[in-house]
Structure formats: C-alpha cells, structure tokens
Amino acid sequence: MPFSKIDGILTLSAVFLSLFGLTMIGSVAPNLFLPQLVFFGIGLFLYLLFSSFDYRIFRHLAPLLYLVTASLLIFTYFWGLAARGSVRCL
C-alpha cells in the first residue's frame, strides 16, 4: 500500500490551510481563484505521488545535490540580477 505512509494530520492541515487560502483569494480577487485552484490540485497530486516513494533510495545523491544547491546559491549571489530589493537568477 503506497499511501499507508502518509501522515494524515500533516496532509489535512496542509489541505485545510490551502482551502482557507483559496477562500481568501476567491473573496479578494475572484479572477485568481481558478489558477490557484489548479496549482493546488497539481501540488496535491505531486505531494501524494512523492510521498509514496521511499526517500532513502536517493541517499547516495545527497552530496551531489548539496553541491549543486550551494553552487546555485553562490552563482546567484555573484551573477544574479537585483530587482525590488532582492537578488534573483532569472
């Protein structure tokens, strides 16, 4: 059973907060509700998909992923573009 490892309290908390956020967005800017609902659905699907994987199979990639992430941060610091008070790579 791939979904037996999912933490129910964490999942329900995230869904409740997301639905609350969707309600707030729908009341403030109704034209943004549908795109946010689509992103919520995609995110929920990806959460359920990735939570069914055993994360320990990626343990051997951890040092490489750490180096790539640190390199991207350093790259952004030196060559990123400053916009609105923050430095970005895009």
Side-chain angles (χ1 to χ4, degrees):
M1 297 186 70
F3 296 115
S4 64
K5 300 176 196 173
I6 295 176
D7 185 5
I9 294 175
L10 176 67
T11 303
L12 288 176
S13 299
V15 168
F16 174 73
L17 286 172
S18 296
L19 291 177
F20 180 73
L22 282 171
T23 304
M24 294 298 111
I25 288 174
S27 66
V28 174
N31 59 331
L32 295 178
F33 179 77
L34 187 60
Q36 289 298 317
L37 183 63
V38 169
F39 287 129
F40 169 69
I42 292 170
L44 185 63
F45 171 75
L46 290 174
Y47 167 73
L48 293 173
L49 178 72
F50 285 115
S51 64
S52 65
F53 291 152
D54 185 14
Y55 65 91
R56 289 173 283 208
I57 62 173
F58 299 111
R59 181 174 286 181
H60 65 280
L61 292 175
L64 176 65
L65 291 174
Y66 179 78
L67 288 174
V68 167
T69 304
S71 300
L72 288 173
L73 283 171
I74 292 169
F75 176 82
T76 302
Y77 181 74
F78 287 110
W79 292 285
L81 301 174
R84 297 184 186 175
S86 65
V87 178
R88 301 178 180 148
C89 63
L90 297 177

Residues, nucleotides or ligands: over 12 heavy atoms within 6.0 Å of I57 CD1: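 Yes.
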
Find out if a path of hydrophobic residues (ILVMFWY) with successive side-chain heavy-atom gaps under 4.5 Å connects [X] to [Y].
X   : Y   : value
L44 : L37 : yes
F39 : M24 : no
F58 : L65 : yes
L34 : V28 : no
F75 : F78 : yes

Within residues 19-44 or reaching into it, pairs that qualify as side chain to side chain donor-acceptor pair (under 3.5 Å) - sequence neighbours excluded: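 For residues 19-44, and leaving out neighbouring residues, there are no side chain to side chain donor-acceptor pair (under 3.5 Å) pairs at all.
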
Summary of side chain to side chain donor-acceptor pair (under 3.5 Å) pairs that have at least one residue in residues 38-50, sequence neighbours excluded: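 For residues 38-50: T11-Y47.
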
Aromatic ring pairing F50/F53, orientation class (parallel under 30°, perpendicular over 60°, tilted between):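 Answer is perpendicular, since the angle exceeds 60°.
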
Stepwise side-chain contact (heavy atoms from CB on, under 4.5 Å) check, S13 with I9: CA-CA 6 Å; S13 299; I9 294 175; 4.1 Å; yes

For the [atom1] atom of [X] and the [atom2] atom of [Y], what is their distance to the nearest 0.5 Å?
X   : Y   : atom1 : atom2 : answer
T69 : L64 : OG1   : CG    : 9.0 Å
L48 : S52 : CG    : OG    : 8.0 Å
I42 : L49 : CD1   : CG    : 13.0 Å

S18 versus F40, closest heavy-atom pair with distance: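 That would be CB-CE1, 3.3 Å.
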
